[in-house]
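See structure below.
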Amino acid sequence: MEEKIHTILARAQEALAQSSSSEEIEEIRVRFLGRKGELTQILRGLGELSPEKRGAIGKRANEIKAKIETAIESKIESLRHSKFIRLIDEEWIDVSLNSPATTGGLARGHLHPISHIQYEIEDIFTSMGFTVLDGPEVETDYYNFEALNIPSYHPARDMQDTFWTEDGNLLRTHTSAIQVRGMETHRPPFKVIGPGRVFRYEAIDASHENTFYQVEGMMVDRNISVAHLIYFMKVLLREIFKKEVTIRLRPGYFPFVEPGFELDIHCLICGGKGCSVCKQSGWVELLPCGLVHPNVLRYGKIDPDEWSGFAFGLGLNRLVMMRYGINDIRHFLSGDIRFVSQF
Ligand code: DAH
């Protein structure tokens, strides 16, 4: 037993030195320190020794045990370290290397013009303290209609027919649903916008698509009036078109606003003189908006006697079409690379 104990440490160290994986190290641990391991057996056999030897060998065995444990720990540590070094070596990349895109091997993509204008609008509004919200494209009847003051019997539903799922949900017809969600997560005063994709059951032609994009906006505070609405809309349009635009408000009906408006801009193509884009009227209908209907605030658990607000729904496809002179809305989702690569 005594010879054995002298060689154990050296043998364990030797085995560790030659090991190169955590599995091997585990085997070594079991071989020497495990329940049936060499050292454990020695400790178990101590009882058969004379009392003097028992003390000396027991002490020695415990020292060796501690040394093997430390050796195992440091081997694990060094293995981890060298694995890391190897990773650095193997996964090293030269970030200064030219990419295929810059050397002409691969064409570099870019944002779709709709995404581009959406991000621009997000920047304009966040710079004025608005928060950008999101909402699901598959909505419930409650968020898309009911809480926007459009009960199931309301004829306004006919103007926004859409695709329904078998379990009674629908593809949202407008981003106004995000208003309702915004009122649930925000307490007044607040200013939010909600960009997104919307869907309608539509007879498709050059100006109608079943899938298009909007940005919703809503501001709720004390004593909000049409003047606030006009101010924010004018800033928005000035930033988008990079010049002052002349606007006018006409009455427009939407169940979730009262009063409701159609905001028109002086035609930017002809400067208001009359052309084919503005159908000779000098004005282009751009942006429905209004003061939030008290019922809508109530659905959002906001007291209409204390708070008021404005809301708007900006169609992004129309905006992009005006900006670039695009004459057919169907181009946007055509997937035609000749179209999108122009922007
Ligand atoms: N949700 C309406 C639509 O898609 C647009 C709209 C009108 C939004 C008036 C508004 C609003 O927030 O105040 O036809």
Side-chain angles (χ1 to χ4, degrees), residues 114 118 121 125 130-133 135-137 139-151 154-163 170-183 186 190-202 207-221 224-233 236-237 247-265 284-297 299-300 302 304 307-319 329:
I114 297 256
Q118 177 189 320
I121 291 169
F125 278 105
F130 284 70
T131 306
V132 182
L133 300 183
E137 292 176 346
E139 262 298 5
T140 64
D141 186 285
Y142 176 82
Y143 287 107
N144 197 82
F145 291 127
E146 197 79 25
L148 287 164
N149 205 27
I150 315 175
H154 201 290
R157 289 203 180 201
D158 291 349
M159 301 186 298
Q160 297 196 3
D161 199 3
T162 183
F163 306 89
L170 52 96
L171 295 192
R172 66 178 174 199
T173 60
H174 50 186
T175 45
S176 300
I178 300 176
Q179 284 186 24
V180 184
R181 294 184 173 273
M183 287 187 290
H186 292 67
F190 63 81
K191 302 199 280 289
V192 295
I193 57 166
R197 181 158 57 170
V198 301
F199 310 86
R200 301 227 181 137
Y201 179 67
E202 201 66 79
S207 46
H208 296 89
E209 251 291 10
N210 55 31
T211 303
F212 52 102
Y213 294 80
Q214 297 182 327
V215 174
E216 193 76 13
M218 184 187 223
M219 173 175 184
V220 177
D221 206 325
I224 292 294
S225 72
V226 177
H228 295 99
L229 170 63
I230 292 176
Y231 169 79
F232 280 100
M233 295 306 96
L236 167 68
L237 298 171
I247 64 163
R248 74 175 183 190
L249 293 185
R250 285 179 295 118
Y253 177 68
F254 304 93
F256 33 94
V257 280
E258 179 58 39
F261 306 105
E262 290 288 356
L263 187 150
D264 300 340
I265 62 170
V284 178
E285 183 179 312
L286 195 67
L287 212 167
C289 51
L291 296 187
V292 182
H293 195 290
N295 284 351
V296 173
L297 292 174
Y299 271 110
I302 295 172
W307 305 98
S308 47
F310 69 72
F312 61 89
L314 182 62
L316 294 187
N317 300 65
R318 171 83 68 84
L319 213 53
I329 194 172

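On a predicted model such as this, the values are computed, not experimentally measured, just so you know. All ligand and atom numbering here is 1-based and tracks the order in the structure.
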Taking V198's backbone N and O only, do any of them form a donor-acceptor pair with R172's side chain (distance below 3.5 Å, no angle check)? no
List the protein residues in contact with ligand 1, where contact means a heavy-atom separation under 4.0 angstrom.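 Ligand 1 is contacted, at a heavy-atom distance under 4.0 Å, by Q160, H174, S176, Q179, R200, Q214, E216, F254, F256, V257, P288, C289, G290, A311, F312, G313.
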Do the side chains of E285 and R250 get close enough for a salt bridge, i.e. N-O under 4.0 angstrom? yes
If you measure from the Lys or Arg side-chain nitrogens to the Asp or Glu carboxylate oxygens, is any gap between E262 and R248 under 4.0 Å? no
Determine, stepwise, if the pair F312 / F130 fulfils ring pair (Phe, Tyr, Trp, His ring centres under 6.0 Å). CA-CA 13 Å; F312 61 89; F130 284 70; 7.3 Å; no
Identify, with sequence neighbours excluded, every residue that meets side-chain hydrogen bond (donor to acceptor under 3.5 Å, both in side chains) alongside E137.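 Residues passing side-chain hydrogen bond (donor to acceptor under 3.5 Å, both in side chains) with E137: R197.
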Report, as yes or no, whether the 6.0 Å neighbourhood of atom OH on Y231 holds more than 12 heavy atoms from other residues, nucleotides or ligands.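 Open: at most 12 neighbouring heavy atoms sit under 6.0 Å from OH of Y231.
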